[in-house]
Amino acid sequence: MKISYDKLWKLLIDKKINKTQLIKMADISTNSMAKLGKNETVQVEILVKICNALNCNIEDIMEIIRNKDLWKAILLELIAKVGGNDEKI
């Protein structure tokens, strides 16, 4: 299982907010932001602060990628790199 904060980065782009601004808005540490940038786990309190600052829900900023979905994504990426046909996956 893997955590992805890709939704957070897309939301920041949509709202035209950079990471430094979010740190200040949500009152979180630069260490927490670094963990988010590496898709590492952070305390739920950090996620709640971010959601409050952005007026959103947790599912708007993160997702859990299960192993099956992760392997499928890796395979699709590899197929795309070699120019293969991915219709059967």
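Start at 1 with the first residue, then count along the sequence. All figures in this text were calculated on a predicted structure; none of them were measured in a lab.
Atom-to-atom distance recorded for Asn39:CG and Leu8:CG is 10.0 Å, nearest 0.5 angstrom. In this structure, the separation between OG on Ser32 and CD1 on Ile23 is 8.5 Å, given to the nearest 0.5 Å. If you take NZ on Lys16 and CG on Asp14, they are separated by 9.0 Å, rounding to the nearest 0.5 Å. To the nearest 0.5 Å, the span separating CD1 on Ile28 from CD on Gln43 amounts to 11.5 Å. Here the straight-line distance linking atom OH of Tyr5 with atom NZ of Lys35 works out to 9.5 Å at 0.5 Å rounding. Atom CG of Leu12 and atom CE of Met25 lie 8.5 Å apart (nearest 0.5 Å).
Without hydrogens or angle criteria, Lys7 side chain to Glu63 main chain gives no donor-acceptor distance under 3.5 Å. With hydrogens and angles ignored, the 3.5 Å screen pairs a side-chain donor or acceptor of Asn18 with a backbone N or O of Gln21.
Under the 4.5 Å side-chain criterion, counting only non-hydrogen atoms from C-beta, Thr30 is not in contact with Thr20. By the 4.5 Å heavy-atom criterion applied to side chains, Ile61 and Leu11 are counted as neighbours.
With a 6.0 Å radius and a threshold of 12 heavy atoms from other residues, nucleotides or ligands, Glu40 has its CD atom above the threshold.
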Name each donor-acceptor pair under 3.5 Å that joins a side chain in residues 46-56 to protein atoms two or more places apart or in another chain, with its distance.
from	atom 1	to	atom 2	distance (Å)
Lys49	NZ	Asp27	O	3.1
Asn52	ND2	Val48	O	3.4

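Hydrophobic clustering (ILVMFWY, side-chain heavy atoms < 4.5 Å, transitive): Leu36 and Ile13 are in distinct clusters.
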TODO: In sequence, state the C-alpha distance, the side-chain angles, and the governing distance for Ile64 and Lys2, and then conclude on side chain to side chain contact (heavy atoms under 4.5 Å, CB included).
DONE: CA-CA 6 Å; Ile64 297 170; Lys2 179 182 171 187; over 6 Å; no
